[in-house]
Amino acid sequence: MPKNRKNGVDIIDLNRKKSLMRSNELDKIALEDMKHKSKVRIGFSEFSKQLYDNTKNKILEELNATEKDWNNHKWQLKNRISDVDEISKYANLTTEEYDNIKKVSEKYRFAITPYYFSLIDFNDPICPIRLQSFPNIKEFEESGELDPMKEEQSNPAGKITRRYPNKLIINVTNACPMYCRHCQRRRLIGNYDRNTSKKDIDESIEFIEKTPTIREVLVTGGDALLLPNNKLEYIFNKLSQINHVEIIRVGTRTLATLPFRIDDELAVLLRKYKVNISTQFNHACEITPEAVRAIDILTDHGILVRNQMVLLHNINDDKYCIQKTNEELQKYRVIPYYLFHPKDIKGTKHFQVDISKGLDIMKHLEGRTSGMCKPTYVYNSPLGLGKVPLVPMENIEHDENGYEFTTWENKTVRKR
Ligand SMILES: *Cc1c(COP(=O)(O)O)cnc(C)c1O
Ligand code: SF4
């Protein structure tokens, strides 16, 4: 009797049969996921392209501008939409919407690049682009704190925030291309855009020079890439001359809000100082051909780009939306980094999500998608005590017989 037979059955045949059954079982799970994921709006669809072209053409016509203007980041900044009457030139607002935006914007200003504005789906009452950029009457809700992180108490010099042993932040500007309504630094937006003074930059760099424990410096804001290249180079150059500074990281949302800021000249500068980039895409519909053009310029120059997403109610607090968004990021070479649990900032209560929901989303991602596109879910603890990873815990039990794990499909396995 040949060796590969057992009870008269061919073992190879049997294994093949079992494998096919398992493969079919996995297909069922994948098909269910694909069905839900296909409902998530992506920036690369024909639908998104039509929305974009439609609003873009209206704006170009209204401002008597050209395609070349549109692709120029300075034109985009100069022509930000920051007044409710400008919005209503391109969108049909109800009287109530109009009044609410007007009322809120008198207290908390807003600004939206024409580019970002053109991604809005005006027929979707919870369009993720609109929710992130339009003032909302719920911002008047009083609960929450202005500075729960006590950033103002972790500021040893200049514009530094230090909460960790070997890394710190320098805030180089309070300006951003678009003021995210969920921003944790809402209190710093103020009424006008202000780059940090040279004196404060120099004082921050001096502090780093005198502090040999610092190996990584995060240059952020606001949006660090709103500084002109010569000012960025001034900072990078000074930092690179400090022996103990090994890494410079830049925080920017321009990839999502002003992708035209990214060009070869900037990429060469970032490459020269081996800068790492952290950015923020919160929804797959922000990953547009324009955004990917910008990502490609950076990654083709060898610059590492990682994404810090914020979990936001009605914008992306859905497991398929988070899955799709991270898969899109992976596809276009942006490495998912963090999924931030939103902080309890005054005026952002309507974006709050329960932690149990975030944990469910993380549990869903396990096994269902590439490990390469799974962010770490974190909560930035109050009082500036640092980020805490939030991990679904119920999958490990420990007793005298060893460990018991729960797999992604909720099967139990033991390890001695
Ligand atoms: C988030 C943060 C950092 C960077 O932390 P990573 O986990 O390395 O991204 C550094 N300093 C402060 C104050 C921070 O809040
Ligand atoms: S880009 Fe960042 S700093 Fe600027 S408003 Fe948005 S979340 Fe805040």
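As the structure lists them, so they are numbered: ligands from 1, and atoms in each ligand from 1.
- Classified by interplanar angle (parallel below 30°, tilted 30° to 60°, perpendicular above 60°), the ring pair W70/Y52 is perpendicular.
- Proximity of E216 to ligand 1 is not established, as no heavy-atom distance is less than 4.0 Å.
- Using a 4.0 Å cut-off between heavy atoms, R249 contacts ligand 1 through its side chain alone, with no backbone atom that close.
- Of all atoms in ligand 1, listed by their number and element, those nearer than 4.0 Å to a heavy atom of Y337 are 6 (P), 7 (O), 8 (O), 9 (O).
- Side chains of Y90 and N54: no donor on one and acceptor on the other come within 3.5 Å.
- Looking only at atom types and distance, the side chain of Y116 has no donor-acceptor partner in the side chain of Q76 under 3.5 Å away.
- When V217, L168, N276, I169 are checked for heavy-atom proximity to atom 12 (C) of ligand 1, I169 turns out nearest.
- Near K167, with a cut-off below 4.0 Å to any heavy atom, the atoms of ligand 1 are 5 (O), 6 (P), 7 (O), 8 (O).
- Note: an N/O pair closer than 3.5 Å links Y338 and ligand 1 by distance alone.
- Checking only distances, R163 does come within under 3.5 Å of ligand 1, N or O to N or O.
- Ring-centre distance between F351 and H313: not below the 6.0 Å cut-off.
- Set against the non-hydrogen atoms of Q280, the atoms of ligand 2 under 4.0 Å away are 7 (S).
- Ring geometry, F340 versus Y338: the interplanar angle falls from 30° to 60°, so the pair is classed tilted.
- The closest side-chain donor-acceptor pair between T252 and D223 falls under 3.5 angstrom.
- Side chains of D296 and Y332: no donor on one and acceptor on the other come within 3.5 Å.
- Counting only N and O atoms by type, the side chains of H364 and Q323 include a donor and acceptor under 3.5 Å apart.
- Inclusion of C183 in the first shell of atom 8 (Fe) of ligand 2 is supported: an N, O or S atom falls under 2.8 Å.
- Listed by atom number, the atoms of ligand 2 under 4.0 Å from R253 heavy atoms are 1 (S).
- Proximity of C176 to ligand 2, defined as any heavy-atom pair under 4.0 Å, is confined to the side chain (atoms from C-beta onward).
- Close contacts between ligand 1 and K387 involve ligand atoms 1 (C), 2 (C), 3 (C), 4 (C), 5 (O), 14 (C), 15 (O) [criterion: under 4.0 Å to a heavy atom].
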